[in-house]
Protein chains: 2
Amino acid sequence: MRLRHIEVFHAIYTTGSITNAAKLLHVSQPSVSKVLSHAEMQLGFKLFDRVKGRLIATHEADLLFKEADRIYRQINTINDAAYNIKNNDLGQISIALAPAFGFDLIPQAVAEYRKKHQNIIFNIQTLHNEEVLKHLLRHKSEVAILFSPDSYSGISEINFGTGNLVVVYPIKLLPHKPSKISIEELEQYPLISISDSGPLANLINQEATQKAITLRNVIKVKTYFIAVNLVKHGAGVCIVDEFTAKSQQSDNIAIAQLEDPLEFSIKGLHLENKSLSTVTRNFLDLFKNKF
Amino acid sequence: MRLRHIEVFHAIYTTGSITNAAKLLHVSQPSVSKVLSHAEMQLGFKLFDRVKGRLIATHEADLLFKEADRIYRQINTINDAAYNIKNNDLGQISIALAPAFGFDLIPQAVAEYRKKHQNIIFNIQTLHNEEVLKHLLRHKSEVAILFSPDSYSGISEINFGTGNLVVVYPIKLLPHKPSKISIEELEQYPLISISDSGPLANLINQEATQKAITLRNVIKVKTYFIAVNLVKHGAGVCIVDEFTAKSQQSDNIAIAQLEDPLEFSIKGLHLENKSLSTVTRNFLDLFKNKF
DNA sequence: ATCGTCTATAACCTGAGGTTATGGGGAGTT
DNA sequence: AACTCCCCATAACCTCAGGTTATAGACGAT
């Protein structure tokens, strides 16, 4: 039984006549008549009795109708689904991100996107650099947004823009509130360092090594905003990305640029074989425009 | 999205390649390729990315697949259903009948039919003459089997055969166990009559009127086998159809033919506009052969 | 009789979906 | 680098399901 058979059968059964079914389906009456004959021939039994020029459903038709009706409704759902998918009104965007993006950048972009596309579901979670590969390969997220990530084979990169490392310090410590600080100056202050490895930590370490500076790493943290909050409590100074710094501002700390800027990139990673869905691409375009 | 699109999409998605899908569907590879392109064109978005000559499902495809899979399974069920209907292996036979047929005739026929067609469900109930019209018009049963029913317009009749009225009497009352009794003899015995109206009652009343006989109707019952059971307990004699009589036989009663036989017909009634289903017709043919 | 309604049939057209043949790109092997 | 295998896309072609209009027959109602 072809889909057209089911459609036509359903239409005739519900409207009660071939003529009405033809109107409902917006085709000619002979067309419906012929499709019905063909369906009956193929099935091997009559669906309707022709009595006095009218159609009367057979018991076989009654039995089949139950099934046909279910299919008929599902056909409608798939076409609705297809329509919604095409119009970006259905779908899921699942992104993983470094915690730093979770304060302002992503929330702002998500809120903006959802104003336009209310049926899109977001799936957001934070992840650390070392988990990226595993995470993507297991399809836990479609895309991961990170600071200067390593390249992996089989994983594509999207460039969103760049950011700078900044120094966050307690105002008590530097009451003159400098807007620029050289990395050499930091030697004299206790430093809350943002973990041993990771792209941003490497950036700082490289700079220190190159300039033959020894930083006083008194506390090591893995999550950047914790470093800033430690500074708030006077535990020392820290070097973090500007986004984390800005999002955690308060009265007793201040932000200074580095004399010699340390720039990092912001990139999205996703599986090379699995291209991004249209909705996700649209969202990432919006996100990119924030830079 | 046409059914073929769904089938092809489903096959590609599950097998992972156009080539395998073509094998699965028993068509050529270019055919599948073309149907997929057509589906994507009509949908307005890609279902698979062609990366390095291979197909990778898009996120849109993932979303659609959930729906497609449900439809796909449904399509299979309707074709199974159609097959079973054609082979009389699916369906329902709903018959209403006078209680008299419920002892041997119908149970025997049903049991025999069900040996051959185990998936046919029977729906059997008894009904009284006056309810027939209402019953059929409300589609409560497909066919009603009755004694000498009236004709109604819009209702077709099927003739199964004939039966005779017989006299059931307690052996104590007539110890010589006559095998024939005239209706005149019955005047002397208390009679359990089988209701005022109804075809069989009319038959008896007409005979009595014609022969100017007054029967002693001491008990009136509506259900024939109750009359016979009253006879068993010595309450009198009764005139009932031969089928009820035979089915209720016991040691202390006997059956006698009437001197002048009173014959009635056994007919099936069904809606003229709604022809009988093949399964029901088959069953009724089997039933007819019992006479 | 006659009109309106419904179904079936005839004659015809179009395009979805099938075929075979062929070519190109990627991956693995020699 | 060349060879080979696998997979997909394209071209040229065919067929029939499913569409069209025109028409005729059957039935109910006026």
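Every chain is numbered from 1 and lettered A, B, ... according to where its sequence line falls, protein lines coming before strand lines. Every heavy atom of this structure was used, including side-chain atoms; hydrogens, water molecules and symmetry mates were not.
- Nearest heavy-atom pair across B/L136 and B/L271 is O-CD1, 3.5 Å.
- Of the residues in residues 3-15 of chain A, those lying under 4.0 Å from DNA chain D by heavy-atom distance are A/R4, A/H5.
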List the atom pairs, donor and acceptor, that lie under 3.5 Å between side-chain atoms in residues 283-291 of chain A and the rest of the protein, sequence neighbours left out.
from, atom 1, to, atom 2, distance (Å)
A/K288, NZ, A/N159, O, 3.2
A/N289, ND2, A/D285, O, 3.4
A/K290, NZ, A/E112, OE1, 2.7

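- Salt-bridge annotation for B/E131 and B/K134: absent, with no side-chain N of the basic residue lying under 4.0 Å from a carboxylate O of the acidic one.
- Remark: P of D/dC8 and CG of B/L47 are 15 Å apart, rounded to the nearest angstrom.
- Rounded to an integer number of Å, the gap from CG of A/L55 to P of C/dT7 is 5 Å.
- Note: NE2 (B/H38) to P (D/dT10) measures 14 Å, nearest angstrom.
- The separation between B/E40 atom CD and D/dC8 atom C1' is 12 Å, rounded to whole Å.
- Put simply, CZ on B/R2 is 16 Å from C1' on C/dG18, counting in whole angstrom units.
- Across all their heavy atoms, B/D62 and B/A57 have their closest contact at OD1-CB, 4.0 Å.
- Of all heavy-atom pairs between A/F48 and A/E40, the closest is N-OE2, 3.1 Å.
- When all heavy atoms of A/E142 and A/Q92 are compared, the pair lying nearest together is OE1-O, 4.1 Å.
- Comparing A/V32 and B/R50 against DNA chain D, the residue whose closest nucleotide sits nearer the 5' end is B/R50.
- The distance from the CG atom of A/L43 to the NE2 atom of A/H38 is 10.0 Å, given to the nearest 0.5 Å.
- Mapping B/S31 and A/L36 onto DNA chain C by nearest heavy atom places A/L36 closer to the 5' end of the strand.
- Of all heavy-atom pairs between B/R281 and B/L276, the closest is NH1-O, 2.6 Å.
- Using a 4.0 Å cutoff on non-hydrogen atoms, the parts of residues 16-30 of chain B near DNA chain D are B/S17, B/I18, B/T19, B/Q29, B/P30, ordered by number.
- Taking atom CE of A/M41 as the reference point, atom P of C/dT9 lies 13 Å away to the nearest angstrom.
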Verify ring-ring contact (aromatic ring centres under 6.0 Å, His included) between B/Y72 and B/F65, making sure each step is shown before the conclusion. CA-CA 10 Å; B/Y72 184 79; B/F65 183 75; 8.9 Å; no
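- Atom CZ of B/R54 and atom P of C/dG26 are 11 Å apart (whole Å).
- In terms of phosphate contacts, B/S33 brings no side-chain nitrogen or oxygen within less than 4.0 Å of OP1 or OP2 of D/dC8.
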